[in-house]
Amino acid sequence: MCCSGFLKIMMFIFNGAIFLAGVAILAVGVWVKVDSGSLLGVLDNIKDAPAELGQLANVAYLLMGVGGVLLIMGFLGCCGAMKESRCMLMLFFIIILIIFIAEVAGCVVVLVFQPLAKEVLEDLSEKVVDSIQKDYGKDESLTSLWNGTMEQFKCCGYRNYTDFDGSPFQENPTDPTYPPTCCSKTETCTAAAAERSNVIGCFTMLLNLIEDNAVIIGAVGLGIAALEIAAMVVSMVLYQQIGNK
């Protein structure tokens, strides 16, 4: 009885943590998906983009799915322990196992993409710059997306301010101007001012973002995986004890 009570307490603790992890994962997934001011949104509109970018975008859906199911599982695990329901405990174990496998798959996608990130983004360089020079200042959707991206990441163009040369944004080619984010001051952003400001390209910012966050995602993923394994072990021990009564 004492051991059973201890296991129930552990189930409540583990499932409370799983519930909170589900909230966090769901929130991150929704943020990634709805963040229209993201450079990933810009890259998603590039024709003939590498398949790796599509796989990375699918991580948002994976995060939302895993987060939502973890919310349900946290509740289900607590109910199974409280009511001593073998059926609920077994269902909890099976679904947590499926989520664990899905999380491993998601981590693999992120970890595999990280070493390839620089190569993939460099390969996209010419296509992205062509898109800017063809549509920036003419296509309202693309222009708004780039403006939001540059404002958010404090960057200019894909490589630098020269990416905007020849774009519809420059109404006077003999005296070209550039987006305000390409200059450090609020003055008219001329070629001379943009060169002095030397604002880095969004390519560099995105690459740094991927490299910095891959480590954090990996660490969080390992923590959640350990929590899920512990919860599965406790649920099976409790399942066995209930069956022996």
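Source: prediction; values computed, not measured.
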Fill in the blank from the handout: Separation between OG1 (T181) and CH2 (W146), nearest 0.5 Å, reads 10.0 Å
Problem - Cystine candidate C189-C182, SG separation under 2.5 Å - result: no
Problem - N160-T162 side chain donor-acceptor pair, cut-off 3.5 Å - result: yes
Practice task
Decide yes or no for P168 and D135: does some side-chain heavy atom of the first lie under 4.5 Å from some side-chain heavy atom of the second?
Solution key: no
Handout entry: Test item: D130 and E126 side chains (from C-beta on) under 4.5 Å apart, heavy atoms
Key = yes
Problem - Minimum heavy-atom distance A194-C183, with the two atoms named - result: N-SG, 3.6 Å
Completion exercise
Nearest heavy-atom approach of M232 to I96 is CG-CG2, 3.4 Å
Practice task
Could you tell me whether the side chain of T204 and the main chain of I200 form a donor-acceptor pair under 3.5 Å?
Solution key: no
Exercise for the section: Check whether any side-chain heavy atom of F93 sits under 4.5 Å from a side-chain heavy atom of M236, and report yes or no. Expected result: yes
Handout entry: N147: side-chain hydrogen bond (donor to acceptor under 3.5 Å, both in side chains) partners, not counting sequence neighbours
Key = Y136
Handout entry: Non-hydrogen side-chain atoms of F203 and S125 separated by less than 4.5 Å
Key = no
Practice task
State whether the side chain of D163 and the backbone N or O of G157 hold a donor-acceptor pair below 3.5 Å, judged by distance alone.
Solution key: no
Practice task
Measure the shortest side-chain to side-chain distance between Y161 and S197 over non-hydrogen atoms and say whether it is less than 4.5 angstrom.
Solution key: no
Practice task
Tell me whether V129 is reachable from V199 by hopping between hydrophobic residues (I, L, V, M, F, W, Y) whose side-chain heavy atoms are closer than 4.5 Å.
Solution key: no
Handout entry: Side-chain donor or acceptor of S131 paired with backbone N/O of K127 under 3.5 Å
Key = no
Problem - T143 side chain vs G137 backbone, donor-acceptor pair below 3.5 Å - result: yes
Handout entry: Residues which pass side-chain hydrogen bond (donor to acceptor under 3.5 Å, both in side chains) with S167, listed by chain and number, not counting sequence neighbours
Key = none
Exercise for the section: Give, for atom CE of M205 and atom OG1 of T149, the distance between the pair rounded to the nearest 0.5 Å. Expected result: 11.5 Å
Exercise for the section: Output all residues satisfying side-chain hydrogen bond (donor to acceptor under 3.5 Å, both in side chains) with E151, sequence neighbours left out; order by chain, then residue number. Expected result: K154
Practice task
Output the distance between atom CZ (F92) and atom OG (S235), rounded to the nearest 0.5 Å.
Solution key: 5.5 Å
Practice task
Scan side-chain atoms only and decide if Y178 and D165 contain a donor-acceptor pair under the 3.5 Å cut-off.
Solution key: yes
Fill in the blank from the handout: The reported gap from OH in Y158 to CD1 in I132 (rounded to nearest 0.5 angstrom) is 9.5 Å
Practice task
Please check if V234 and L227 belong to a single hydrophobic cluster, counting links between Ile, Leu, Val, Met, Phe, Trp and Tyr side chain heavy atoms closer than 4.5 Å.
Solution key: yes
Practice task
Indicate yes or no for a side-chain donor-acceptor contact from S144 to the backbone of E140 under 3.5 Å, with no hydrogens or angles considered.
Solution key: no
